[in-house]
Amino acid sequence: MNPRYLAITGGVGGAKLCVGLARLLAAEQLTFLVNTGDDFEHLGLHVSPDLDTPTYALSDLSNPDTGWGRRDESWHFIETLRGLGGEGWFNLGDRDLALHVLRSQWLRSGLRLGEVTDRLRRAHGIAHTLLPMTDDPVRTQVHTTEGTLAFQHYFVRERCVPAVTGFSFAGVERATLNDHARGLLADPTLAGVILCPSNPFVSVDPILALPGLRDALRDCPAPVVAVSPIVAGLAIKGPTAKMMEELRVPQTALAVAMHYEDILDGFILDAADENLIPALAARNLPAIATPSVMVTLDDKIALARTTLAFIHSLYAP
Ligand code: FO1
């Protein structure tokens, strides 16, 4: 039986590793479990940015400059909307818009988010399974010194400027982990779980907050490894390091490892942070250091290959 892997991801950094993993593992071996905490209802549409980022990345349609949205995009819709005095702060491209309209239509017709995501995955020719973390509504709230903001209002409209004091995930206590993911965590062929290099606070934590998931990860015999999104004290992309500073967490890969400590069997550092390996070893957490900044497709495949080899080195079925 082929070994199977679950990759937990959200946002642009995580999607890069997903692309590398998808090049090395067959469709039946690799499943992606994706954050939906930054979904929102906007202009009457259901927008799921963290589902769309890997959808576009895996179908080679993503915008290479932003990492989100589509390549070869045009902006007539949003520019016209702005000109009419509409809410134009969230950049919905003309091609991207088609996906949001279709998702919203299918959801309104009664399909669950998982079913809609699967239809969109197939429509994009993606072989690997892409799962929303839950079909239930969960909405990340960012608590800041200027009040509480819905995630996209904080992230895009306010450009991450307000200082964060914490996060909450509205609805998560009533949400149910995706059935396929639950089944996979109990599957004897599961050989590893990968926490992709995504923002720990707003991309991975909403997933880990789903009732029962942390326990399932602690109990599952397959190794759980994380890839650090922090390299030499800096976030490769996005506001992770800024959030750590505002939360008074040291801006280090070590702090990221400690954030996940209760569920991890191994940690992957960037080569620049090799000096942290002894500190992790002192906490009984095996770690390796490897180049982790993914620019080219080869970078993505190389990090995926190293991640799988590390998992194998930890795995004693
Ligand atoms: N991010 C931005 O910084 N500005 C935008 O205008 C923006 C629009 C957008 C549209 C569709 C989509 O799927 C993603 C979009 N993102 C935008 C990215 C998105 O806010 C973030 O990638 C995630 O929510 C954080 O993981």
Side-chain angles (χ1 to χ4, degrees), residues 7-19 32-59 61-79 81-82 86-104 107 113 116-117 120-121 124 126 130 132-133 137-142 149-162 164 167 169-170 195-208 229 235-243:
I8 294 180
T9 185
V12 174
K16 290 184 180 182
L17 184 58
C18 294
V19 168
F32 301 111
L33 184 65
V34 183
N35 173 40
T36 55
D38 52 7
D39 285 20
F40 75 136
E41 286 68 35
H42 187 56
L43 306 173
L45 301 171
H46 181 113
V47 183
S48 294
D50 280 4
L51 284 168
D52 296 344
T53 297
T55 297
Y56 290 146
L58 291 164
S59 54
L61 287 175
S62 61
N63 181 327
D65 300 325
T66 57
W68 53 263
R70 288 181 61 130
R71 66 165 78 242
D72 304 323
E73 189 57 281
S74 58
W75 304 95
H76 301 293
F77 162 76
I78 199 76
E79 283 164 11
L81 186 89
R82 272 186 210 123
E87 258 192 276
W89 54 270
F90 194 77
N91 291 291
L92 293 173
D94 298 335
R95 294 176 193 274
D96 188 31
L97 189 58
L99 184 154
H100 306 301
V101 168
L102 202 52
R103 171 187 291 121
S104 307
L107 286 172
L113 184 59
V116 170
T117 303
L120 291 171
R121 166 190 75 82
H124 284 82
I126 298 169
L130 204 57
M133 65 187 201
V138 175
R139 298 292 178 265
T140 296
Q141 307 286 305
V142 185
L149 294 165
F151 179 77
Q152 297 298 344
H153 289 86
Y154 161 79
F155 192 87
V156 178
R157 198 188 66 193
E158 304 303 326
R159 297 186 172 82
C160 308
V161 172
V164 302
F167 307 93
F169 310 115
L195 304 188
C196 290
S198 301
N199 184 309
F201 308 109
V202 294
S203 295
V204 180
D205 276 0
I207 308 178
L208 296 180
I236 297 172
K237 190 148 180 27
T240 309
K242 178 179 181 282
M243 287 175 173

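In each ligand, atom 1 is the first atom listed, and ligand 1 is the first ligand listed. This one's a predicted model, so the numbers in the text were calculated from it and none came from an experiment.
Side-chain atoms of N35 never come within 3.5 Å of backbone atoms of I207 as a donor-acceptor pair (strictly under, hydrogens ignored).
Using a 4.5 Å cut-off on side-chain heavy atoms (C-beta onward), W89 and H42 make contact. A heavy-atom distance below 4.5 Å is not found between the side chains of D38 and V202.
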Would you mind writing out a table of all protein N or O atoms found under 3.5 Å from any N or O atom of ligand 1, naming both atoms and giving the distance to 0.1 Å?
{"residue": "ligand 1", "atom": "1 (N)", "partner": "W68", "partner atom": "NE1", "Å": "3.3"}
{"residue": "ligand 1", "atom": "6 (O)", "partner": "N91", "partner atom": "N", "Å": "3.0"}
{"residue": "ligand 1", "atom": "6 (O)", "partner": "N91", "partner atom": "ND2", "Å": "2.7"}
{"residue": "ligand 1", "atom": "20 (O)", "partner": "Q152", "partner atom": "OE1", "Å": "2.8"}
{"residue": "ligand 1", "atom": "24 (O)", "partner": "D38", "partner atom": "OD2", "Å": "2.7"}
{"residue": "ligand 1", "atom": "24 (O)", "partner": "Q152", "partner atom": "NE2", "Å": "2.8"}
{"residue": "ligand 1", "atom": "26 (O)", "partner": "D38", "partner atom": "OD2", "Å": "3.2"}
{"residue": "ligand 1", "atom": "26 (O)", "partner": "D50", "partner atom": "OD1", "Å": "2.8"}

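Tested against R103, the residues T117, D52, D39 include a single side chain to side chain donor-acceptor pair (under 3.5 Å) partner, D52. Each of S203, S198, P200 was evaluated against P229; a single residue qualifies, P200, per the side chain to side chain contact (heavy atoms under 4.5 Å, CB included) test.
For the residue pair W68 and V12, the shortest heavy atom distance occurs at N-CG2, 4.1 Å.
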